[in-house]
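Notes to accompany the following structure.
FYI, side chains are in, hydrogens and waters are out, and symmetry mates aren't considered; it's all heavy atoms of this structure. Below, read A as the first sequence line, B as the second, and so on, with proteins coming before strands; counting in each chain starts at 1.
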Amino acid sequence: MTLRLIPANDNMSAEDLLNGLNERQSQAVRTTEGPVLIIAGAGSGKTRVLTYRIAYMLRLGVDASHILALTFTNKAAQEMKERIADLVGHGPARAIWAGTFHSIFARMLRAHAERLGYTSSFTIYDADDQLAAVKAVMNALGVSQQVLAPNMVRSKISNAKNAMMSWQEFARRADTIVDKQCAQIFEQYERRLAQSNSMDFDDLLLNMIRLLENHADVLEAYHERFRYLMVDEYQDTNRAQYRVVELLARKHRNICVVGDDAQSIYRWRGADIRNILDFERDYPNATTVRLEQNYRSTKTILAAADSVIRHNASQLKKTLWTDNVEGEKITLLPCRDDREEADAISRTIRARMDAKGLRYSDIAILYRTNAQSQSLEDALRRINMPYHIVSGVSFYKRKEVKDALAYLRLIVNPSDTESVLRVINEPPRGIGQTSLQHLQEHARATNVAMFDVLREADGVPSLQKRTVTAVQGFVRIIDEHRGLANELAPASLAQTYLEATGLLQFYKSQDTDEAQDRWNNIERILSHIAEQQEIDPELTLARYLEQVALVSEQDDPQLGTNRVALMTMHAAKGLEFPLVVIAGLEQGLFPLAKAEQDPKEQEEERRLFYVGITRARQELVLSYAERRYRFGELTFSRPSMFLSEINPDCFAASSRVMQRAGGPSLPPQRPTAAPAGRPSSPFTSRQAQPPRRTSPPSSTNEYSQVPSSDSYGQVPGDGPQYRMGMRVKHPMFGVGTIVALAGVGAQAKATVQFSNGAKKQLMLQYARLEVL
DNA sequence: AGAGCGTCGCTTTTT
DNA sequence: GCGACGCTCT
């Protein structure tokens with residue numbers, strides 16, 4: 001957040017807290033009783049309001065333990081806790097329950113697991129475990145993975161659960177062959193997880209609903225305990241989350257939800273925008289507060305964001321405004337390919353840092369897909385610019401890390417079938433596929449949990465003697481170390497245990513760099529456990545595992561350091577940076593190709609772009625590449641439609657290079673044509689670059705031979721000549737007539753009167769107008 | 001049982 | 001371009 005007018009001060013009164021707030025913010029903070037809907041535009045001080053509201057309640061005498069704050073990401077929860085602690089001190093702050101839906105619910109479910117047929121040591125399955133379970137079920141049912149893509153089945157199941165649909169209901173509604181098969185898999189999947197004493201992410205929500213709906217005493221206890229509820233990012237909640245919140249808030253109705261429909265970017269994961277749109281209906285006496293003053297961004301950035309989001313049909317009414325300065329215009333970096341884009345970005349960053357005295361940590365590069373980070377990283381490394389990738393999940397996705405964690409999960413919860421299957425032959429113990437098949441079939445036939453079958457492996461027919469011995473050895477290691485759980489601290493337990501499994505030795509004995517890496521990674525986990533144990537002496541292995549199951553890798557240690565941040569726009573939500581670069585603004589990438597047909601998806605992509613733009617405080621840089629490597633091959637694309645949706649006035653005036661080019665057929669901008677050594681305009685610095693060398697020989701040749709008509713941002717070849725009165729078609733707005741033309745080259749704009757009544761000013765370079 | 005090779009799908013985004 | 005998976009060979 002931008003403002004911290006009030007220093008941390010334990011003596012601050014409730015009234016003092018209000019002093020640093022604008023009127024709307026103050027109203028939101030003061031309204032502590034009853035339902036409150038806070039519609040918080042980007043940069044309007046949302047987190048500030050939430051934390052001040054909690055501090056205010058504490059000052060009014062509300063007991064900290066009566067407050068429950070639910071967030072969507074760990075990052076948000078963490079920030080909230082810290083900022084509350086800043087305001088009221090660490091003591092009271094600790095008593096507040098603040099966390100993600102999933103982590104808070106997991107904690108509650110552990111306390112009441114027996115009521116739902118689980119033990120408190122249930123395992124949490126992530127998407128990969130989920131997928132493994134789906135595949136196993138499909139195998140058992142004899143469904144070919146060629147015919148039915150396991151991932152599709154997994155997401156169907158997850159979507160159904162997000163919508164609170166049981167497998168029975170799913171089966172009832174299934175009317176296609178595919179859905180009927182999915183229903184069967186769904187059923188078996190649910191049984192399998194239950195038998196594994198495991199919950200997937202969706203179960204954490206669904207089981208909460210079951211718990212609260214079916215156990216009145218538990219519900220009553222939570223009503224007693226949590227009298228004040230706050231929900232952040234309410235626009236991203238799904239129906240199940242909505243239901244839990246509703247149950248928890250039912251008695252006291254002190255529920256405060258904060259959200260911004262314009263920033264709803266998780267529809268794909270079941271987020272239901274109705275939750276926020278319907279709040280006033282669900283809680284008829286709700287107070288609605290609109291936070292519309294933006295404290296974060298310049299007028300230019302806000303205008304750009306606004307011009308983009310206006311293209312969405314459905315949204316709550318609100319008008320963001322700011323007292324901030326006009327600020328720098330937006331810089332656009334048109335590039336030929338991803339490598340050039342990455343270089344242009346790194347050079348632009350360097351130039352802006354020099355010009356503005358920015359630090360690395362003032363800068364973020366945002367992109368649509370994680371795959372885009374590769375070329376950016378390469379470019380940053382080439383010029384020795386420090387960076388870090390935020391929210392890389394990669395570490396916990398590594399095979400050896402997952403194996404190690406699976407082993408640990410097994411001593412906490414031996415019923416965890418997915419973990420058994422994962423590590424039973426890792427390192428190789430001579431328990432191969434055939435043996436596993438027999439074991440699984442036996443488990444299914446006798447309806448005995450996998451681990452119990454392993455315990456009595458000698459009772460399984462058709463299993464070789466040698467295999468039985470191997471299985472028994474595997475079981476013994478786990479059982480023995482389970483016994484040690486009460487005697488040893490988690491760190492030493494994990495150490496001896498993983499040594500006993502042979503996993504560490506397996507990697508250590510191989511003399512390859514890769515094995516060394518893997519060994520290192522397992523060691524990293526062990527030291528991580530030791531570290532966490534330092535922080536929390538009460539730590540158990542179970543608690544540690546829950547932590548890592550629900551926390552994607554957080555680069556906390558690096559977050560405070562002076563580095564450029566690279567992340568997806570999803571990961572950037574809630575953050576802000578003085579300088580933001582959004583890369584890869586191309587049709588097919590952003591918006592993704594998948595969204596191009598579906599208007600709903602397109603609107604979600606647009607909201608995502610809105611989120612990206614509004615992360616910027618002072619300056620925004622946008623870039624695209626005409627060609628880039630995707631899926632290992634060179635693909636071509638046109639500039640994103642979103643570029644043409646930005647009010648053209650927000651863009652920087654054309655650089656000198658651009659002015660040289662005349663005529664509406666758009667500027668030739670060959671790198672070689674630009675004189676080197678110009679001052680630090682992003683365009684000139686980019687163009688001082690020699691032609692790229694990494695592209696395949698053919699395309700390099702192509703480059704050097706292409707004459708100056710090799711233009712940027714325009715359909716290849718000479719673009720159409722636009723004239724006044726011309727009938728044109730826009731992919732988004734439909735048919736219209738050109739009523740005005742202005743500017744030349746890259747700055748050429750047309751004002752078009754569309755037949756639907758809208759009059760738009762469009763940059764010809766990006767508008768992709770079709771002449772009729 | 002396990003190594004080696006070829007095929008396929010993949011990248012949307014995350015708890 | 002990579003990793004997961006399946007098939008084949010030893």
For the residue pair A:Tyr242 and A:Tyr234, does the interplanar ring angle fall in the parallel (under 30°), tilted (30 to 60°) or perpendicular (over 60°) class? tilted
Do nucleotides 1-10 of chain C as a string where each nucleotide becomes B, S or -: B if the base has a protein heavy atom under 4.0 Å, S if just the sugar-phosphate does, - if no protein is that close. B---S-----
Does NZ or CZ of A:Arg110 lie under 6.0 Å from the centre of the six-membered ring of A:Phe122, at an angle within 45° of the ring axis? yes
Dot-bracket summary - DNA chain B, pairs being Watson-Crick or G-U whose distances fall under 3.5 Å, with | when paired to another strand: ||||||||||.....
Separation of atom [atom1] in [X] from atom [atom2] in [N], rounded to whole Å:
X	N	atom1	atom2	value
A:Lys573	B:dT15	NZ	P	11 Å
A:Asp128	B:dC10	CG	P	14 Å
A:Leu204	B:dT14	CG	C1'	14 Å
A:Arg269	B:dT14	CZ	P	9 Å
A:Ile389	B:dT14	CD1	C1'	17 Å
A:Leu436	B:dG2	CG	C1'	14 Å
A:Glu233	B:dT15	CD	P	12 Å
A:Glu426	B:dG2	CD	P	10 Å

Side chain of [X] only, please: which of [options] is the nearest?
X	options	answer
A:Thr568	B:dT13, B:dT11, B:dA1	B:dT13
A:Ala371	B:dT11, B:dA1, B:dT13	B:dT11
A:His570	B:dG2, B:dA1, B:dT13	B:dT13
A:Asn151	B:dT11, B:dT13, B:dG2	B:dT11
A:Asn370	B:dA1, B:dT13, B:dT15	B:dT13

For A:His311 together with A:Phe642, are the ring centres under 6.0 Å from each other?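 Between A:Phe642 and A:His311, the centre distance exceeds or equals 6.0 Å.
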Do the ring centers of A:Tyr222 and A:His112 come within less than 6.0 Å of each other?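 Yes; A:His112 has its ring centre under 6.0 Å from that of A:Tyr222.
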Name the nucleic acid region contacted by [X], choosing base, sugar-phosphate or nothing; use a 4.0 angstrom heavy-atom cut-off, strictly under.
X	value
A:Phe101	nothing
A:Asp202	nothing
A:Tyr266	sugar-phosphate

Quick one: do A:Glu645 and A:Arg606 make a salt bridge, cutoff under 4.0 Å?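 Yes, A:Glu645 and A:Arg606 are salt-bridged.
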Test: A:Arg382 and A:Asp378 ion pair at under 4.0 Å: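 Looking at A:Arg382 and A:Asp378, the cut-off is not met.
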Between A:Gln372 and A:Thr369, is there a donor-acceptor pair closer than 3.5 Å when you use the side chain of the first and the backbone of the second? yes
Can you check side-chain hydrogen bond (donor to acceptor under 3.5 Å, both in side chains) on A:Tyr407 and A:Arg422, steps first, answer last? CA-CA 9 Å; A:Tyr407 267 118; A:Arg422 182 163 189 104; over 6 Å; no
So do the side chains of A:Tyr266 and A:His570 get within less than 4.5 Å of each other, counting heavy atoms only?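 Yes, their side chains come closer than 4.5 Å.
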Atom C1', compared across B:dT11 and C:dG6: separation rounded to whole Å: 23 Å
Using only heavy-atom distances, determine whether the side chains of [X] and [Y] contain a donor-acceptor pair under 3.5 Å.
X	Y	value
A:Arg339	A:Ser375	no
A:Glu596	A:Gln587	yes
A:Ser158	A:Ser155	no
A:Tyr507	A:Glu400	no

Can you see if the side chain of [X] gets near the phosphate of [N] - specifically, an N or O under 4.0 Å from OP1 or OP2?
X	N	answer
A:Ser435	B:dA1	yes
A:Thr434	B:dA1	yes
A:Asn425	B:dG2	yes

Given that A:Leu608 and A:Gly432 both sit by DNA chain B, which one's nearest nucleotide is further toward the 5' end?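 It is A:Gly432, whose closest nucleotide lies nearer the 5' terminus.
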Indicate whether A:Trp268 forms a stack on B:dT13; treat it as stacked only if centroid distance is below 5.5 angstrom and interplanar angle below 30 degrees. yes
Provide a list of protein-nucleic acid N or O atom pairs under 3.5 angstrom, restricted to nucleotides 3-6 of chain B.
none

